S.K.: 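Submitted below is the structure of interest, expressed as structure tokens.
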Amino acid sequence: MHESFRLRVVETKMSKMSKEMIHLLGNYGHIGFTFVAAIFIGMGGGIYLDQKVFDGRTAPWFTFIGLAFGIAAGFKSLFDIIKHQNKEFEDKD
Amino acid sequence: MEHPILFISIILEKLGLPIPHGPVGHGLIEQLCAPYMTYTWFTMIFLVVVGKLTLGNLEMVPGKGQNFWEILIGGMDDFFVENMGRELTDKLFPMIATFALYIAVANLIGLIPGFMSPTSSINTTLALTIIVWITHHIIGIRANGLAYVKHFLGPMPILIPLMLPIELISNFARLLSLSIRLFGNIMAKETLLGILFMLAGAYFAPLPIMVLGVLVSLVQAMVFVLLTVVYFTQANEHAH
């Protein structure tokens with residue numbers, strides 16, 4: 001019983017300090033990577049359409065369109081992350 | 001290359017099993033003996049054995065081992081309920097908690113000389129990510145039925161041609177970012193440790209990186225689990 005109590009005290013002390021920190025790291029730490037991944041997927045899809053599906057006849061166009069969509073998707077996932085964080089703050093209040 | 005000595009590989013080699021010299025071997029047995037596979041099994045055996053040893057007989061008044069697990073599992077349960085709600089947590093707790101424990105142990109194991117992190121191979125992290133990605137679609141379809149498509153159609157019907165590719169791309173980006181983030185962080189840690197050990201191991205050069213490695217390992221496991229929970233929650237709720 002005594003052991004359990006001590007462990008629980010340690011836990012609450014730790015959680016006060018690092019819970020917020022870990023939460024912020026988890027929520028914001030992946031912004032950069034998600035953004036880049038979205039751009040890569042968009043542009044990769046565009047290049048695939050240009051080179052493989054249309055055999056290079058539409059050469060630069062689908063790449064550019066894919067790039068544009070990829071950047072847009074990157075910003076969209078950025079907004080999603082911010083929206084999620086805002087909702088969490090509102091829930092806490 | 002990345003690790004000077006991997007003791008499971010040495011034992012297997014002594015037993016006469018083929019050890020691949022590249023990242024992935026040729027043939028089934030060689031692929032099964034690749035370091036990331038053997039250390040995955042090691043992690044699994046470790047978790048099962050430790051769980052069995054500490055939780056062999058459950059008691060009303062918990063001892064040290066049981067206490068540790070009660071706090072860990074209780075904390076995870078609280079965290080999931082806070083984010084996903086009771087119902088979804090009850091359904092998915094075993095899966096996400098297993099991922100959390102496996103990733104945390106697999107990340108930390110690489111800090112011990114003679115071991116490597118299975119998560120420093122893209123194969124492991126991609127497998128984990130694909131499971132999460134498919135599960136979040138299954139959750140979405142089961143919760144919303146055909147209306148799950150609305151998640152990908154944006155707020156207004158006019159915007160569908162614009163929003164559909166954007167939503168699809170950002171959905172596939174999850175697959176990429178979730179797997180490569182874990183892989184990249186752990187692989188960087190492993191490679192850095194290996195190089196520092198090779199350059200100035202006698203002067204304890206890898207020590208600061210080892211301290212950072214503990215932090216990175218735990219944070220990455222945490223981030224993976226947190227994002228899994230967020231994806232599951234988003235798939236489960238109704239479209240805006």
Side-chain angles (χ1 to χ4, degrees), chain A residues 1-15 18-19 21-46 48-49 62 65-81 83-85 87-88 91-92, chain B residues 59-72 74-75 78-79 82-83 129 151-152 154 159 161-185 215-216 218-231 233-234 237 240:
Chain A
M1 223 41 186
H2 182 70
E3 189 78 15
S4 142
F5 178 71
R6 214 178 63 199
L7 274 172
R8 241 152 255 228
V9 168
V10 169
E11 187 202 23
T12 43
K13 248 188 197 164
M14 209 195 77
S15 61
S18 61
K19 211 177 180 182
M21 180 72 189
I22 287 176
H23 231 81
L24 289 178
L25 265 176
N27 275 321
Y28 294 124
H30 64 281
I31 285 180
F33 230 107
T34 314
F35 201 84
V36 174
I39 294 175
F40 265 96
I41 293 224
M43 195 168 161
Y48 176 81
L49 275 180
F62 276 114
I65 294 169
L67 184 60
F69 273 121
I71 293 169
F75 274 106
K76 195 237 145 211
S77 39
L78 243 180
F79 279 127
D80 277 356
I81 291 165
K83 225 165 57 186
H84 174 79
Q85 189 65 18
K87 214 172 71 186
E88 225 163 64
D91 286 346
K92 267 182 197 158
Chain B
E59 290 161 25
M60 272 305 285
V61 180
K64 272 182 196 161
Q66 197 182 333
N67 232 321
F68 170 73
W69 287 109
E70 273 183 16
I71 285 176
L72 194 67
D78 285 347
F79 175 72
E82 208 175 284
N83 283 291
T129 310
H151 276 263
F152 300 98
L159 286 179
L162 190 66
M163 291 306 281
L164 184 64
I166 290 177
E167 295 274 1
L168 282 180
I169 288 171
S170 65
N171 199 277
F172 276 101
R174 288 175 175 182
L175 203 58
L176 211 66
S177 77
L178 204 56
S179 61
I180 294 183
R181 181 169 358 85
L182 184 56
F183 158 71
N185 275 291
L215 190 72
V216 166
L218 292 176
V219 165
Q220 286 309 315
M222 183 70 201
V223 165
F224 192 95
V225 170
L226 188 86
L227 283 180
T228 308
V229 169
V230 168
Y231 293 161
T233 320
Q234 280 176 358
E237 64 197 15
H240 27 265

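Quick caveat, the model's predicted, so the values are computed rather than measured. Just so it is clear, the values below take in all heavy atoms, side chains as well, and ignore hydrogens, waters and symmetry mates. Below, chain A is the first sequence line, B the second, and so on; all start at residue 1.
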S.K.: To the nearest 0.5 Å, what is the distance between CZ on A:Phe40 and CG on B:Leu176?
M.R.: 8.5 Å
S.K.: Of the non-hydrogen atoms in B:Ile169 and A:Gly70, which two are nearest, and what is the gap between them?
M.R.: CD1-N, 4.1 Å
S.K.: Considering only heavy atoms, which portion of B:Leu218 lies under 4.5 Å from any heavy atom of chain A: side chain, backbone, both, or neither?
M.R.: neither
S.K.: Which value, rounded to the nearest 0.5 Å, describes the distance between A:Lys76 atom NZ and B:Asn171 atom CG?
M.R.: 8.0 Å
S.K.: Side chain from CB out, backbone as N, CA, C, O: work out which of these in B:Leu168 comes under 4.5 Å of a heavy atom of chain A, or both, or neither.
M.R.: neither
S.K.: Are there more than 12 heavy atoms of other residues, nucleotides or ligands under 6.0 Å from atom CZ of B:Phe172?
M.R.: no
S.K.: Working to the nearest 0.5 angstrom, can you tell me the gap between A:Ile41 CD1 and B:Leu175 CG?
M.R.: 7.0 Å
S.K.: So, for B:Ala173 and A:Thr34, which heavy atoms are closest and what is the spacing to 0.1 Å?
M.R.: CB-O, 4.3 Å
S.K.: So how far is it from A:Phe79 CZ to B:Ser170 OG, rounded to the nearest 0.5 Å?
M.R.: 13.0 Å
S.K.: For the residue pair B:Ile166 and A:Ala72, what are the closest heavy atoms and their distance?
M.R.: CD1-CB, 3.5 Å
S.K.: Measure the CZ-CE distance between A:Phe69 and B:Met163 for me, rounded to the nearest 0.5 Å.
M.R.: 10.5 Å
